[in-house]
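Data block below; observations after.
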Amino acid sequence: MRTSWADAVANADSSAAVTSASPSNVATVAPSPSRGGRAAYVPPHLRSRQQSSESSAATAAPAISDAPLTRQPPPFVAPPAGGSRWGSGPIRDPSRPSARGGSGGWNTRGGGWDRREREANPFAKDDDTSEAACDSQENSGINFDAYEDIPVDTSGENVPPPVNTFAEIDLGDALNENIRRCKYVKPTPVQRHAIPISLAGRDLMACAQTGSGKTAAFCFPIISAILRQPPGQRQRGSRTAFPLALILSPTRELSVQIHEEARKFAFQTGVRVVVAYGGAPINQQLRDLERGVDILVATPGRLVDLLERARVSLQHIRYLALDEADRMLDMGFEPQIRRIVEQMDMPPRGQRQTMLFSATFPKEIQGLVYGLLVEHSIDDQARVILNHGPQLEGTRLASDFLYNYIFLAVGRVGSSTDLIVQRVEFVLDSDKRSHLMDLLHAQRDSGAHGKQALTLVFVETKRGADSLEHWLSMNGFPATTIHGDRTQQEREAALRSFKSGATPILVATDVAARGLDIPHVAHVVNFDLPNDIDDYVHRIGRTGRAGKSGLATAFFNDSNASLARSLAELMQESNQEVPQWLSHYAAARSYSSGGGGGGRNRRSGGARFGGRDFRRDSSYNRGGGDYYNGGSGYGGGSTGASSAGPGVTSAWD
DNA sequence: AAAAAAT
């Protein structure tokens with residue numbers, strides 16, 4: 001008790017006016033917000049502060065009314081010449097200490113004595129590694145040919161047209177310079193469409209294939225918009241940070257990665273990006289926040305902690321981005337996300353701009369729930385029904401968070417690219433290890449210089465990851481592992497070691513399935529297949545990135561029978577060779593899991609795909625009785641929705 | 001049944 005974080009806060013705060021910080025106080029349950037009156041809601045941790053005349057809450061309010069949030073792009077306000085942070089220059093902006101680099105330990109010292117240090121160059125890391133040339137080539141060498149003829153589906157009111165070049169969009173000089181530094185020559189398809197939509201101030205639900213540049217698609221417009229409409233005066237001495245943008249992601253490593261990218265995009269713009277995630281000492285993160293934050297990248301748990309400590313307030317949030325949005329709104333995360341988005345002090349939808357991004361978007365999460373298609377405009381009415389339906393507890397509606405949004409699908413949602421060669425092999429559990437060994441041997445023999453190409457091996461359990469890693473290491477294959485039972489230091493060290501090639505085999509649970517951009521992964525092995533085809537899509541998407549090719553091998557046996565049908569269909573759609581035995585499995589399964597049959601796996605069959613905006617579904621107008629009508633699999637997702645028909649193949653199919 | 005996410 002003595003060493004609880006609450007005590008630590010109390011001890012650390014020299015101010016006499018510190019909020020009472022007993023655990024019971026912070027654990028206060030927020031009153032349930034009424035839908036209309038959210039603006040008046042003051043979270044418990046801010047209430048006592050309002051009495052102080054210099055209170056953060058009190059000074060914060062005018063800043064918002066000075067810069068009313070609008071649905072239109074604000075008038076352009078040029079950033080102060082020469083400089084940043086609205087007048088003071090980048091030199092004064094204390095940088096993050098040069099990051100936890102190769103040392104492997106936490107950088108807890110922080111560098112408080114070095115406050116005038118120049119903003120650390122986020123591009124420096126690229127340049128001082130031997131792989132710099134390689135990386136540069138890679139960035140400039142994005143295989144845009146692979147991006148030709150992609151079916152693109154947009155819907156919603158007044159969809160802004162796509163752009164063909166970055167130059168067409170006025171992102172501002174500083175951002176353009178960073179785009180040049182990143183060696184991005186032209187926007188990827190998702191960027192071409194999403195950036196103008198976002199710059200127009202519209203909410204967005206965007207689906208695009210793995211490795212197609214989603215991070216930049218939501219970061220560029222956020223940074224650009226912040227530059228155009230800088231925040232009002234910052235209160236000095238406040239211990240509460242008021243970020244303007246919040247980017248949430250489902251894993252810590254993904255947050256770290258988004259932060260690293262966002263720092264590059266925001267370099268010397270004066271826009272400050274901070275990351276906060278669990279498993280790491282909170283003190284450095286608190287210091288970073290205290291120095292000021294415009295864009296906060298976070299995992300949900302740590303953010304809730306920071307909100308409870310009143311070290312972060314969401315009152316000034318203008319932009320909210322959920323990366324891997326379907327995952328964020330899935331069962332495990334949804335309550336936390338709802339709490340952050342709906343029950344703290346974030347402006348409600350319509351008063352902020354919200355963007356959801358993912359490579360997969362099950363219709364359930366788009367908003368099709370148990371046959372009821374719910375659009376936000378009729379939402380309140382429908383919600384009454386939903387909330388009173390006994391089986392409808394825990395419904396997840398992405399549209400809860402969106403206002404008059406635009407739906408964007410680049411490529412067929414949830415499909416994989418045929419740049420990835422997918423193989424499925426029937427392997428009994430007892431044979432998996434030796435089979436993996438065979439693959440690794442063959443790979444090593446055929447590889448250049450007898451070196452092991454980077455191979456990412458997915459297993460089902462954390463224990464299984466450890467034991468396979470141990471076995472591989474014992475058998476002469478340098479391997480490491482990443483999973484949720486390892487310390488955060490170990491996790492990050494494992495990722496570094498894998499990226500550098502020191503341990504060219506990484507055994508991972510699903511913690512590494514989504515979003516991680518690891519260059520040069522040649523081979524993804526699904527040692528244990530996931531139960532959910534969407535997870536499969538994300539896993540194999542760790543290879544074949546930026547238009548490059550890759551290989552994915554899956555070990556299939558009886559225990560994966562429930563995946564057979566969706567796997568076979570996915571492979572067929574991606575122009576992969578489907579083994580006959582797999583088709584048999586698929587056929588044998590289809591009577592029980594397909595159509596309107598079992599429904600045990602809510603993602604089975606046609607309901608999985610959000611290849612199109614559910615608002616356009618014809619059943620939307622039929623009152624929602626026949627919701628399994630798309631159950632014939634992929635057909636439901638392609639009924640004239642794409643600019644290319646269902647039979648048309650492309651690199652993005 | 002498992003994984004992830006706060007301490």
Side-chain angles (χ1 to χ4, degrees), chain A residues 1-10 12 21-24 26-27 45 246-258 275-286 289 296-312 322-341 344 358 429 457-468 481-488 490-492 495 507-516 526-532 534-536 538-539 558-563 600-603:
Chain A
M1 200 36 113
R2 175 153 299 283
T3 54
S4 74
W5 56 258
D7 290 334
V9 169
S22 77
S24 61
V26 293
H45 62 269
L246 176 63
I247 300 170
L248 291 172
S249 96
T251 65
R252 298 162 179 175
E253 287 76 14
L254 186 51
S255 282
V256 169
Q257 176 182 303
I258 294 167
V275 67
Y277 58 97
I282 201 169
N283 286 336
Q284 181 60 46
Q285 293 172 8
L286 290 174
L289 289 167
L296 177 59
V297 185
T299 48
R302 179 55 60 89
L303 176 61
V304 168
D305 188 0
L306 292 166
L307 290 165
E308 284 174 345
R309 294 177 190 223
R311 296 301 294 262
V312 170
L322 301 192
D323 202 5
E324 308 297 343
D326 60 329
R327 177 77 188 85
M328 301 299 279
L329 299 172
D330 208 332
M331 295 230 282
F333 271 117
E334 191 244 358
Q336 265 182 309
I337 303 301
R338 264 192 205 283
R339 182 152 178 232
I340 292 166
V341 176
M344 304 303 279
S358 186
D429 282 341
V457 183
F458 282 103
V459 296
E460 193 64 18
T461 66
K462 294 178 279 197
R463 274 193 53 191
D466 281 335
S467 99
L468 182 59
T481 181
I482 185 168
H483 60 70
D485 273 355
R486 303 201 82 193
T487 68
Q488 193 55 28
E490 289 170 332
R491 286 166 55 160
E492 291 179 26
L495 205 50
V507 184
T509 60
D510 267 330
V511 69
R514 281 173 174 263
L516 294 187
N526 274 291
F527 189 89
D528 301 319
L529 273 164
N531 295 315
D532 187 326
D534 286 346
D535 292 332
Y536 174 85
H538 284 274
R539 284 178 177 190
D558 277 347
S559 62
N560 310 114
S562 66
L563 193 71
R600 194 182 62 84
N601 179 358
R602 61 176 181 80
R603 289 192 178 183

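Below, chain A is the first sequence line, B the second, and so on; all start at residue 1. All values below were derived from every heavy atom in this structure, side-chain atoms included, with hydrogens, water molecules and symmetry-related copies excluded. What you are looking at is a predicted structure, and each value in this text was computed from that prediction instead of being measured.
A side-chain donor-acceptor contact under 3.5 Å links A:Q488 and A:E492.
With distances taken from any side-chain atom of A:E460 to the nucleotides B:dA3, B:dA1, B:dA6, the minimum falls on B:dA1. Nearest to the side-chain atoms of A:D305 among the listed nucleotides B:dA4, B:dA2, B:dA6 stands B:dA6. Nearest nucleotide to the A:H483 side chain, out of B:dA2, B:dA1, B:dA4: B:dA4.
In this entry the distance linking CZ of A:R539 with P of B:dA4 reads 11 Å, nearest Å. In this structure, CZ of A:R491 is placed 13 Å from P of B:dA3, rounded to the nearest angstrom. Atom CD of A:Q285 and atom C1' of B:dT7 are 13 Å apart (whole Å). B:dT7 atom P lies 11 Å from atom CD of A:Q336, rounded to whole Å. Taking atom CG of A:L516 as the reference point, atom P of B:dA4 lies 12 Å away to the nearest angstrom. Per the geometry, CZ belonging to A:R486 stands 15 Å off P belonging to B:dA3, to the nearest Å. Taking atom CE of A:M328 as the reference point, atom C1' of B:dA5 lies 9 Å away to the nearest angstrom. Summarising the geometry, the separation between CD1 on A:I337 and P on B:dA4 is reported as 17 Å, rounded to the nearest angstrom.
The base of B:dA2 does not come close enough to the side chain of A:D510 for any donor and acceptor atom to sit less than 3.5 Å apart. For B:dA5, its base never sits under 3.5 Å from the side chain of A:R302 at any donor and acceptor pair.
The pair A:D305-A:R309 counts as a salt bridge, with a side-chain nitrogen and a carboxylate oxygen less than 4.0 angstrom apart. A salt bridge links A:R514 with A:D326: the distance from a Lys NZ or Arg NE/NH1/NH2 to an Asp or Glu carboxylate oxygen falls below 4.0 Å.
At the heavy-atom level, A:G332 lies under 4.0 Å from base atoms of the strands shown.
Judged by distance alone, the side chain of A:R539 and the main-chain N or O of A:D510 form no donor-acceptor pair under 3.5 Å.
For the side chain to side chain donor-acceptor pair (under 3.5 Å) criterion with A:H483, the lone passing option out of A:D466, A:T509, A:T461 is A:D466.
In this structure, A:T299 does not reach the B:dA4 phosphate: none of its side-chain N or O atoms is under 4.0 Å from OP1 or OP2. Contact annotation: A:R252 side-chain N/O to B:dA4 OP1/OP2 distance is not under 4.0 Å.
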